[in-house]
A.B. asks: 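What follows is a single structure, and I will ask about it in a moment.
This chain uses plain numbering: 1 for the first residue, then up along the sequence.
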Amino acid sequence: MAKRSKFVKPEDRHITRARVLGSKQVSPNFIRVTIGGEELRSFTPMGFDQWFRMFIPQAGASAARGNVAGQTTLRVPSATSNLWYAQYLAMSKSTRPVVRNYTVRGFRGADEAVFGENIPELDIDFVSHGDTGPASAWAGSATPGDEVALLDEGLIYNPTPEAQWQLLVGDESALPAIMGILDSAPADLRAEVFVEIPHAEDAQQVTTPEGVNLHWLVRSDPHDRPGVLALETVREAELPTGPSYTFVAGESDLSTGLRRHLVNDRKVPKSDIAFTGYWRHGKAAP
Ligand SMILES: Cc1cc2nc3c(=O)[nH]c(=O)nc-3n(C[C@H](O)[C@H](O)[C@H](O)COP(=O)(O)OP(=O)(O)OC[C@H]3O[C@@H](n4cnc5c(N)ncnc54)[C@H](O)[C@@H]3O)c2cc1C
């Protein structure tokens, strides 16, 4: 029997250039940046947790160029195979862009565009953790016209066909992915969903199938280390039995800790768990 692939890769992968159309604070700890552009016409929205590499200018680069409409200064790799990274590393450190990973929170074709420019639009929900990281800082000061580029990576979420129910767990960085999975879910999904957030108002509206129990876990102190509450809660939770599929993402200790718990204490097969460290406490993305 053919081996089931772990991820769902996009059929056609491009480096897509776009520019910021607008941004807004959607809740105390989230900034939604909407980008748009002609090149997004060839972007294929896949729903669920679709993610991409995002290239943004280094801090100061957009101010230095004065944000002139139509001027392209963002240097990006040309390869869309895994060679893109070697090309990226070969660029001089002073001119190469910052690259970070983000999730498609919304996609609208040109005919549904809300910014009135008749171009496709893509929403990204950034956890705002101040100026401690270039991507978070960029989102906080994103200005219409700012350049970005994307490299589509597809889905990590890929439930096993045998799963009778699903466990979806994340901290706030995985909120866009889990909301995307719920937005795309089939009507018969059975799932226990735990999303940890810093503030009750960071919870987002989502329509879930009847068989889904969505638990918003609000940290008692927003500055407590993300992921600890989610891990403790799921450890103590009474969960359904039977073949399952788990998607866990967020701070690295949450993802590895939950996997360890499921495998060691609940005897869940490793192959039924997709665990991803989205970020590491105290460590910038490479
Ligand atoms: C597949 C995938 C999809 C992702 N989707 C999203 C998404 O849609 N929205 C989103 O906000 N994030 C998402 N992330 C996480 C995001 O890529 C990281 O948080 C990234 O490190 C942020 O980059 P930065 O430049 O802001 O900070 P970095 O330069 O990477 O880090 C600087 C400092 O900030 C800390 N830090 C990084 N992220 C956080 C955080 N979330 N909260 C608190 N402190 C942090 C680091 O520990 C470090 O000390 C995703 C990650 C992956 C792998």
A.B. asks: Using the test side-chain contact (heavy atoms from CB on, under 4.5 Å), find all partners of S92 that sit at least two apart in sequence or belong to another chain.
C.D. replies: S94, T95
A.B. asks: Looking at I156, is its backbone amide N or carbonyl O close enough to the side chain of D49 to form a donor-acceptor pair, meaning the two atoms are under 3.5 Å apart?
C.D. replies: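 Yes, D49 side chain to I156 backbone: donor-acceptor pair under 3.5 Å.
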A.B. asks: What about F30 and F126, are their ring centers closer than 6.0 Å?
C.D. replies: no
A.B. asks: Checking F55 now: which residues fulfil ring-ring contact (aromatic ring centres under 6.0 Å, His included) with it, not counting sequence neighbours?
C.D. replies: W84
A.B. asks: Any donor and acceptor pair, going by atom type alone, linking the side chain of S252 with main-chain N or O of G277 inside 3.5 Å?
C.D. replies: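 No; judged by distance alone, with no hydrogens or angles, the pair does not exist.
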A.B. asks: Going by the rule salt bridge (Lys or Arg N to Asp or Glu O under 4.0 Å), which residues pair with R41 if we only count those two or more places apart in sequence or in a different chain?
C.D. replies: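 Once residues adjacent in sequence are excluded, the partners of R41 under the salt bridge (Lys or Arg N to Asp or Glu O under 4.0 Å) criterion are E38.
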A.B. asks: Please identify each residue that fulfils ring-ring contact (aromatic ring centres under 6.0 Å, His included) with F52, with sequence neighbours left out.
C.D. replies: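 Checked F52 against ring-ring contact (aromatic ring centres under 6.0 Å, His included); zero matches.
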A.B. asks: Keeping Q58 on the side-chain end and V98 on the backbone end, is there a donor-acceptor pair under 3.5 Å?
C.D. replies: no
A.B. asks: Which heavy-atom pair separates I15 from V76 by the least distance, and what is that distance?
C.D. replies: CG2-CG2, 3.9 Å
A.B. asks: Please collect all salt bridge (charged side-chain N to carboxylate O under 4.0 Å, His left out) contacts where either partner lies in residues 73-84, sequence neighbours excluded, each pair once.
C.D. replies: none
A.B. asks: Please table the atom pairs, donor to acceptor, closer than 3.5 Å between any side-chain atom in residues 108-120 and protein atoms at least two apart or in another chain.
C.D. replies:
residue: R108; atom: NE; partner: E121; partner atom: OE1; Å: 3.0
residue: R108; atom: NH1; partner: D123; partner atom: OD2; Å: 2.7
residue: R108; atom: NH2; partner: E121; partner atom: OE1; Å: 3.1
residue: R108; atom: NH2; partner: D123; partner atom: OD1; Å: 3.0
residue: E112; atom: OE1; partner: G109; partner atom: N; Å: 2.8
residue: E117; atom: OE1; partner: R19; partner atom: NH2; Å: 2.8

A.B. asks: So, Q204 and D125: side-chain donor and acceptor under 3.5 Å apart, yes or no?
C.D. replies: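 Looking only at side-chain atoms, D125 and Q204 do form a donor-acceptor pair, the distance falling under 3.5 Å.
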A.B. asks: Report yes or no: do T73 and E147 form a side-chain donor-acceptor pair below 3.5 Å?
C.D. replies: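 Their side chains do contain a donor-acceptor pair, which is all the 3.5 Å distance test asks for.
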A.B. asks: Please step through salt bridge (Lys or Arg N to Asp or Glu O under 4.0 Å) for the pair D253 and R225, ending with a clear verdict.
C.D. replies: CA-CA 10 Å; D253 286 351; R225 186 168 165 158; 2.8 Å; yes
A.B. asks: Taking R17 for its side chain and L74 for its backbone only, find out whether a donor-acceptor pair lies under 3.5 Å.
C.D. replies: yes
A.B. asks: What salt bridge (charged side-chain N to carboxylate O under 4.0 Å, His left out) pairs are there with at least one residue in residues 277-286, not counting sequence neighbours?
C.D. replies: none
A.B. asks: Mind listing the closest non-hydrogen atom pair of R96 and L89 along with its distance?
C.D. replies: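 Taking every non-hydrogen atom into account, NH1-O, 3.3 Å.
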A.B. asks: For the residue pair F43 and V104, what are the closest heavy atoms and their distance?
C.D. replies: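 It is CZ-CG2, 4.0 Å.
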A.B. asks: Would you check if the side chain of T132 reaches a backbone N or O of H129 as a donor-acceptor pair within less than 3.5 Å?
C.D. replies: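 Yes, because the side chain of T132 sits within donor-acceptor range (under 3.5 Å) of the backbone of H129.
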A.B. asks: Are L175 and W51 linked, directly or through intermediate hydrophobic residues, by side-chain heavy-atom contacts shorter than 4.5 Å (ILVMFWY only)?
C.D. replies: yes
A.B. asks: Tell me the salt bridge (charged side-chain N to carboxylate O under 4.0 Å, His left out) pairs involving residues 203-219, sequence neighbours left out?
C.D. replies: E172-R219, E196-R219
A.B. asks: Can you tell if the side chain of T103 reaches within under 4.5 Å of the side chain of Q50, non-hydrogen atoms only?
C.D. replies: no
A.B. asks: Between the side chains of R105 and D183, is the shortest nitrogen-to-carboxylate-oxygen separation below 4.0 Å, so that they form an ion pair?
C.D. replies: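 The answer is yes: the pair qualifies as a salt bridge.
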A.B. asks: Return the minimal non-hydrogen interatomic distance between M91 and P77, and the atom names on each side.
C.D. replies: CE-N, 3.5 Å
A.B. asks: Please list, chain by chain and in numerical order, all residues satisfying side-chain contact (heavy atoms from CB on, under 4.5 Å) with A18, sequence neighbours excluded.
C.D. replies: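 Counting only residues at least two positions away or on another chain, A18 forms a side-chain contact (heavy atoms from CB on, under 4.5 Å) with I35, L40, V148.
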A.B. asks: Any side-chain donor paired with an acceptor under 3.5 Å for D202 and W216?
C.D. replies: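 Short answer, no.
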A.B. asks: Among side-chain atoms of H215 and E192, is any donor-acceptor pair under 3.5 angstrom?
C.D. replies: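 A donor-acceptor contact under 3.5 Å links the two side chains.
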A.B. asks: Do side-chain atoms of H199 reach the backbone of E201 as a donor and acceptor pair under 3.5 angstrom?
C.D. replies: yes
A.B. asks: Parallel, tilted or perpendicular, judged at 30° and 60°: which one describes the rings of W279 and H281?
C.D. replies: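 Geometry flag for H281 against W279: tilted rings.
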A.B. asks: Could you work out the complete set of other residues in the hydrophobic cluster of L254, with links drawn between I, L, V, M, F, W and Y side chains under 4.5 Å apart?
C.D. replies: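 W165, L167, V169, F194, L217, L229, L231, V234, L239, V248, L258, L262, V263, V268, I273, F275, listed by chain and number.
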A.B. asks: Could you tell me if E11 and T44 have a donor-acceptor pair between their side chains, going purely by distance under 3.5 Å?
C.D. replies: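 Note: T44 and E11 side chains miss the donor-acceptor criterion.
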A.B. asks: Among all residues two or more places apart in sequence or in another chain, which pass the ring-ring contact (aromatic ring centres under 6.0 Å, His included) test with F247?
C.D. replies: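 With neighbours one apart ignored, the set is empty.
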A.B. asks: Check A137 against D131 and note the closest heavy-atom contact, atom names and distance.
C.D. replies: CB-OD1, 3.5 Å
A.B. asks: Going by the rule side-chain contact (heavy atoms from CB on, under 4.5 Å), which residues pair with A200 if we only count those two or more places apart in sequence or in a different chain?
C.D. replies: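 Per chain and number, A200 pairs via side-chain contact (heavy atoms from CB on, under 4.5 Å) with V218.
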A.B. asks: Do you know the tightest heavy-atom contact between G250 and S173?
C.D. replies: CA-OG, 3.6 Å
A.B. asks: What about Y157 and Y245, are their ring centers closer than 6.0 Å?
C.D. replies: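 Judged by ring-centre distance (under 6.0 Å), Y157 and Y245 do meet the cut-off.
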